[in-house]
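Below is one structure; the comments refer to it alone.
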Amino acid sequence: QVQLVESGGGLVQAGGSLRLSCAASGRTFSSYDMGWFRQAPGKEREFVAAISWSGGSTYYADSMKGRFTISRDNAKNTVYLQMNSLKPEDTAVYYCAAKARGSYYYDTRRYDYWGQGTQVTVSS
């Protein structure tokens, strides 16, 4: 079992930055690939970014490339999402999630554990 708790969301103006954190419980954090997803009102949950268990590989949705950076610190059981050049369309609840090692980083169905989410609101 892995429990995930996100933090770092808030209100920011367009062009600003936020850093989200996701703290994981348990001793096996380094066994999991980690992902960030988001869900805006009335929309489906969508993939944002993912990082392999070792941190050696990262993946991004096209609209986030160059603006968002995912990283992890296995010693701290934490995964991060640095978000720069934020746009109003980035407004959503952001979730972190954990899955077993392997492929399909973009697929929500592959993730076994989810946090409760943190709200990010970008004003124009």
Any residue meeting salt bridge (Lys or Arg N to Asp or Glu O under 4.0 Å) with Asp107, in chain and number order, not counting sequence neighbours
Arg109

Taking CD in Gln3 as the centre, count heavy atoms belonging to other residues, nucleotides or ligands within less than 6.0 Å. Is the count above 12?
no

Hits for side chain to side chain contact (heavy atoms under 4.5 Å, CB included) against Asp112, two or more places apart or cross-chain, chain-then-number order -> none

Ala40: which residues meet the side chain to side chain contact (heavy atoms under 4.5 Å, CB included) condition with it, sequence neighbours left out?
Lys43, Ala92

Are Val93 and Ile70 co-members of a hydrophobic cluster defined by side-chain heavy atoms under 4.5 Å apart?
no

Answer yes or no: is there a side-chain heavy-atom contact under 4.5 Å between Leu20 and Glu6?
no

Sorted by chain and residue number, the salt bridge (Lys or Arg N to Asp or Glu O under 4.0 Å) partners of Arg67 (sequence neighbours excluded) come out as Asp90

Quick check with a 6.0 Å cut-off and a 45 degree axis cone: is Lys99 positioned over the face of Tyr105's six-membered ring?
yes

Scan residues 61-92 for pairs that pass disulfide (SG to SG under 2.5 Å), counting only residues two or more places apart or in two chains.
none

Which atom names give the shortest non-hydrogen contact between Val2 and Ala24, and what distance separates them?
CG1-CB, 4.1 Å

Can you name the side chain to side chain contact (heavy atoms under 4.5 Å, CB included) partners of Thr121, sequence neighbours left out?
Leu11, Thr91, Gln119

For residues 67-104, pull every pair meeting ring-ring contact (aromatic ring centres under 6.0 Å, His included), keeping only residues two or more places apart or in separate chains.
none

Hey, any chance Phe47 and Leu81 share a hydrophobic cluster, counting ILVMFWY side chains that come within less than 4.5 Å of each other, even indirectly?
no

Trp36-Tyr106 co-clustered via ILVMFWY side chain contacts under 4.5 Å
no

Side chain to side chain donor-acceptor pair (under 3.5 Å) involving Arg45 - partner list, sequence neighbours excluded
Gln39

Quick one: are Met34 and Leu4 in side-chain contact, heavy atoms under 4.5 Å?
yes

How far does CE of Met64 sit from CZ of Arg38, to the nearest 0.5 angstrom?
3.0 Å

Name all pairs fulfilling the side-chain hydrogen bond (donor to acceptor under 3.5 Å, both in side chains) condition that reach into residues 47-63, sequence neighbours left out, sorted by first residue then second.
Asp62-Lys65

If a pair satisfies disulfide (SG to SG under 2.5 Å) and one of its residues is in residues 95-124, list it, with sequence neighbours excluded.
Cys22-Cys96

Going by the rule side chain to side chain contact (heavy atoms under 4.5 Å, CB included), which residues pair with Ala97 if we only count those two or more places apart in sequence or in a different chain?
Phe37, Tyr111, Trp114

Set out, in order, the CA-CA distance, both residues' side-chain angles and the distance that settles side chain to side chain contact (heavy atoms under 4.5 Å, CB included) for Phe29 and Lys76, then state yes or no.
CA-CA 9 Å; Phe29 175 72; Lys76 295 183 178 180; over 6 Å; no

Gap separating the OG atom of Ser30 from the CZ atom of Arg72, nearest 0.5 angstrom:
7.0 Å

What is the minimum heavy-atom distance between Leu18 and Leu86, and which atoms define it?
N-CD1, 3.9 Å

Return each pair, listed once, that meets side-chain hydrogen bond (donor to acceptor under 3.5 Å, both in side chains) where at least one residue sits in residues 11-25; pairs must be two or more places apart or across chains.
Ser17-Asn84

